[in-house]
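Here the structure is laid out as structure tokens; the discussion comes afterwards.
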Amino acid sequence: MYGIAICDDNWRDCDRIEGLIRNVWDNSDELLFYTFSTGDELIKSIETNLPINLLVLDMQMPGFDGDATAARFRLKYPDAVLVFCSGVYLPTVKSFESNAYRFLLKEYSDERLHREMRVILQEMKRRSDVPTIAISFKGEFTTLRVDEILYVAGRKYGSSIYVIDRETKQSKEMISNSSAKELFHELSNYHFRYAHNSYFINLLYVVKIMNHEIELRDGTILTASRSKEKAFRAELASYLGNKY
């Protein structure tokens, strides 16, 4: 299922965009649409962690304009496809900062919009094929890409999730209300394995293991427990064998 949000203060334009998307996509039953008439409505709704893979956003609206709405949206959905669709309003420097995938004009013919939307939906599918998990902490919800998680460590209450920053290549800690055991149940199918009773590791980021120490790609060094090391080494060898 793919979540598509359309935010425009003109309902006819919303209907037009939705109709084009349904015509382009082979199976519209796979699509879940959310329609908003203002940026304020969209921002309030995304706090409930709606599953949004694509946002088609008008640039000129009452209240939060397109740029302001896009900036808030990006904080919550860094990997979703963002498309601006405007009548006469031109993109600004802030528009480009939100990493929009396309800028469309409403005056485009249905034929051109159809071509553009086909490309946009292909990109949405490509990005959405990357598995994600949703975590919550103190009422705040965040979606994380599985391939950005280095390792997960248990805490007295909940767990610590260490994710890689794409730009700095360094790790940062995020707190989840879910226990490490609960998260492992979600992540075990994505090459995560326990190296210690206290934490499990994404095999994707293991650089080497030597003298009971595991080095990760960001320079983190973790200790493998004696009871887990043999099985961890075997899982790592199997993963690398299948990968290459």
Side-chain angles (χ1 to χ4, degrees), residues 1-128 132 134-136 138-145:
M1 186 69 70
Y2 300 92
I4 298 176
I6 304 171
C7 186
D8 196 308
D9 58 348
N10 187 320
W11 287 102
R12 290 182 179 178
D13 288 330
C14 291
D15 290 342
R16 182 188 183 200
I17 294 297
E18 181 175 339
L20 283 165
I21 292 173
R22 290 186 182 278
N23 286 334
V24 170
W25 198 257
D26 292 332
N27 182 7
S28 60
D29 289 339
E30 295 178 336
L31 306 178
L32 187 61
F33 286 92
Y34 307 98
T35 305
F36 306 95
S37 59
T38 66
D40 307 62
E41 284 184 9
L42 172 64
I43 290 169
K44 289 178 181 178
S45 295
I46 64 177
E47 295 303 323
T48 63
N49 206 39
L50 290 175
I52 298 177
N53 304 103
L54 166 64
L55 170 62
V56 181
L57 180 63
D58 189 13
M59 298 194 71
Q60 196 168 21
M61 298 177 293
F64 281 96
D65 64 7
D67 288 336
T69 302
R72 295 285 294 274
F73 177 80
R74 268 288 173 246
L75 294 175
K76 197 77 172 181
Y77 301 93
D79 300 304
V81 177
L82 170 62
V83 173
F84 282 115
C85 188
S86 179
V88 294
Y89 196 69
L90 297 177
T92 66
V93 173
K94 288 185 178 181
S95 306
F96 290 98
E97 289 176 353
S98 63
N99 193 26
Y101 182 68
R102 281 286 196 279
F103 292 88
L104 305 179
L105 291 178
K106 295 179 181 180
E107 67 184 27
Y108 286 167
S109 66
D110 284 352
E111 182 181 358
R112 179 168 182 178
L113 281 176
H114 190 280
R115 292 198 305 269
E116 295 279 359
M117 197 58 67
R118 185 173 294 280
V119 175
I120 290 166
L121 292 175
Q122 287 174 349
E123 177 65 13
M124 178 194 75
K125 186 177 187 305
R126 185 190 69 80
R127 295 191 193 183
S128 302
T132 61
I135 65 169
S136 64
K138 292 184 177 180
E140 292 289 325
F141 291 87
T142 305
T143 300
L144 298 179
R145 288 170 51 127

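Please read these numbers as outputs of a predicted model, since none were measured by experiment. Atoms considered below: every heavy atom in the structure, side chains included; atoms not considered: hydrogens, waters and symmetry mates.
Between D8 and K106, some side-chain heavy-atom pair lies under the 4.5 Å cut-off. Under the 4.5 Å side-chain criterion, counting only non-hydrogen atoms from C-beta, Y77 is in contact with L50. Between S86 and F103 there is no side-chain heavy-atom pair separated by less than 4.5 Å. Here the side chains of L42 and Y34 are not in contact, with every heavy-atom distance at 4.5 Å or above.
Taking all atoms of both residues into account, the shortest heavy-atom contact from I52 to A80 is O-CB, 3.7 Å. Of all the heavy atoms in L105 and L113, the pair that sits closest is O-CD2, 4.3 Å. Pairing each heavy atom of M124 with each of I4, the nearest pair is SD-CG1, 4.1 Å. When all heavy atoms of I17 and C85 are compared, the closest pair comes out as CD1-SG, 4.2 Å. For M59 against D67, the heavy-atom pair with the smallest separation is CE-OD1, 4.1 Å.
Counting non-hydrogen atoms of neighbouring residues, nucleotides and ligands closer than 6.0 angstrom, the NZ atom of K76 exceeds 12 such neighbours. Counted within 6.0 Å of CD on E111, heavy atoms from surrounding residues, nucleotides or ligands total 12 or fewer; the atom is thus considered open. For N27, the CG atom counts as densely surrounded, since its 6.0 Å shell holds more than 12 non-hydrogen atoms of other residues, nucleotides or ligands. The number of heavy-atom neighbours closer than 6.0 Å to CZ of R72, taken from other residues, nucleotides and ligands shown, is 12 or below.
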**Report entry** Residue pair F33, I21: steps toward the side chain to side chain contact (heavy atoms under 4.5 Å, CB included) verdict
**Finding:** CA-CA 10 Å; F33 286 92; I21 292 173; 3.8 Å; yes
Requested in this report: Start with the C-alpha distance between V56 and I120, add both sets of side-chain angles, then the distance that settles side chain to side chain contact (heavy atoms under 4.5 Å, CB included), and finish with yes or no.
Outcome: CA-CA 10 Å; V56 181; I120 290 166; 6.0 Å; no
Query - Chi angles and distances behind the side chain to side chain contact (heavy atoms under 4.5 Å, CB included) call for V119, R102 - result: CA-CA 10 Å; V119 175; R102 281 286 196 279; 3.3 Å; yes
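Put simply, the side chain of Y101 never gets that close to the backbone of L54: no donor and acceptor are under 3.5 Å apart. Distance alone, capped at 3.5 Å, places no donor-acceptor pair between the D58 side chain and the C7 backbone.
Rounded to the nearest 0.5 Å, atoms CD1 (I6) and OG (S37) are 13.0 Å apart.
Taking the ring-ring contact (aromatic ring centres under 6.0 Å, His included) definition, one finds that Y2 meets it with W25, sequence neighbours left out. Under the ring-ring contact (aromatic ring centres under 6.0 Å, His included) criterion, F36 pairs with no residue, sequence neighbours left out. Shown here are the side-chain hydrogen bond (donor to acceptor under 3.5 Å, both in side chains) partners of R126, two or more places apart in sequence or in another chain: E123.
Looking at L20, L31, N53, V24 one by one, the single match for side chain to side chain contact (heavy atoms under 4.5 Å, CB included) with L121 turns out to be V24.
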